[in-house]
Amino acid sequence: MTYFKYVDSLSGLVNYEPSSTTWKKVPNPTPWDSSKDRGAYITYYINTYGNPGWDWASYDIHHIKPREYGGGNEKSNLIPVPRSIHQQLITAWWNSYNKG
């Protein structure tokens with residue numbers, strides 16, 4: 001399955017493919033509290049890049065290196081992605097990651 005590279009048109013942030021095909025799942029991934037962390041990221045994004053004018057309800061905040069593989073909640077590891085792309089392409093790819 002080909003990795004879907006997504007570029008955010010306002011910020012220029014890029015969802016790069018993993019640098020390794022051997023990342024292992026970590027036993028205690030960094031927690032993500034959608035009710036708190038999502039809102040904080042959206043505020044950060046708007047203050048940093050401007051208001052994109054889109055409906056944030058149709059966007060997911062994607063961890064470029066997923067938390068289950070050791071990624072954290074650092075701003076450099078987050079990118080807003082349209083929910084349909086995130087769920088249908090990016091999550092599908094990660095679900096098959098490192099499975100041979």
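We number each residue from 1, following the sequence as shown.
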Trainee: Using the benzene-type ring in the case of Trp, are the ring centres of Tyr45 and Trp56 under 6.0 Å apart?
Mentor: yes
Trainee: Flag the pair Asn77 / Arg67 as yes when at least one side-chain heavy-atom distance between them is below 4.5 Å, and no otherwise.
Mentor: no
Trainee: First locate atom CD of Gln87, then atom CG of Asp60, and finally report the distance between them rounded to the nearest 0.5 Å.
Mentor: 5.0 Å
Trainee: Using a 3.5 Å distance criterion without hydrogens, assess whether the side chain of Tyr6 forms a donor-acceptor pair with backbone atoms of Leu13.
Mentor: no
Trainee: Please confirm whether the backbone N or O of Ala57 pairs with a side-chain atom of Arg83, one donor and one acceptor, at under 3.5 Å?
Mentor: yes
Trainee: Give, for atom CG of Leu10 and atom OH of Tyr49, the distance between the pair rounded to the nearest 0.5 Å.
Mentor: 9.0 Å
Trainee: For the atom pair CD (Glu17) and OH (Tyr97), what is the distance rounded to the nearest 0.5 Å?
Mentor: 10.5 Å
Trainee: Treating Asn51 as the side-chain partner and Gly53 as the backbone partner, does any N or O pair qualify as donor plus acceptor under 3.5 Å?
Mentor: yes
Trainee: Is it true that the NZ or CZ of Lys75 lies under 6.0 Å from the centre of Tyr44's six-membered ring and within 45 degrees of the ring axis?
Mentor: yes
Trainee: What distance do Ile42 atom CD1 and Leu78 atom CG have between them, rounded to the nearest 0.5 Å?
Mentor: 11.0 Å
Trainee: Between NZ of Lys5 and CG of Asn15, what distance do you get to the nearest 0.5 Å?
Mentor: 10.0 Å
Trainee: Ignoring hydrogens and angles, tell me if any N or O in the side chain of Thr91 forms a donor-acceptor pair with the backbone of His86 under 3.5 Å.
Mentor: yes
Trainee: CG of Asp37 to CH2 of Trp32: how many Å apart, nearest 0.5 Å?
Mentor: 5.0 Å
Trainee: Does Phe4 form a side-chain contact (heavy atoms from CB on, under 4.5 Å) with Gln88? I'd like the steps, not just the answer.
Mentor: CA-CA 10 Å; Phe4 185 82; Gln88 295 170 15; over 6 Å; no
Trainee: Are the side chains of Trp54 and Pro80 in contact, using a 4.5 Å heavy-atom criterion?
Mentor: yes
Trainee: Does a donor on one side chain and an acceptor on the other come within less than 3.5 Å for Tyr59 and Asp8?
Mentor: no
Trainee: Would you call the rings of Trp93 and Tyr3 parallel, tilted or perpendicular if under 30° counts as parallel and over 60° as perpendicular?
Mentor: perpendicular
Trainee: Work out which heavy atom in Tyr16 is nearest to a heavy atom in Ile64; give both atom names and the distance.
Mentor: O-CG2, 4.0 Å
Trainee: Do Thr30 and His63 come within less than 4.5 Å of each other through their side chains, counting heavy atoms only?
Mentor: no
Trainee: Are side-chain heavy atoms of Ile90 and Val81 found at a separation under 4.5 Å?
Mentor: yes
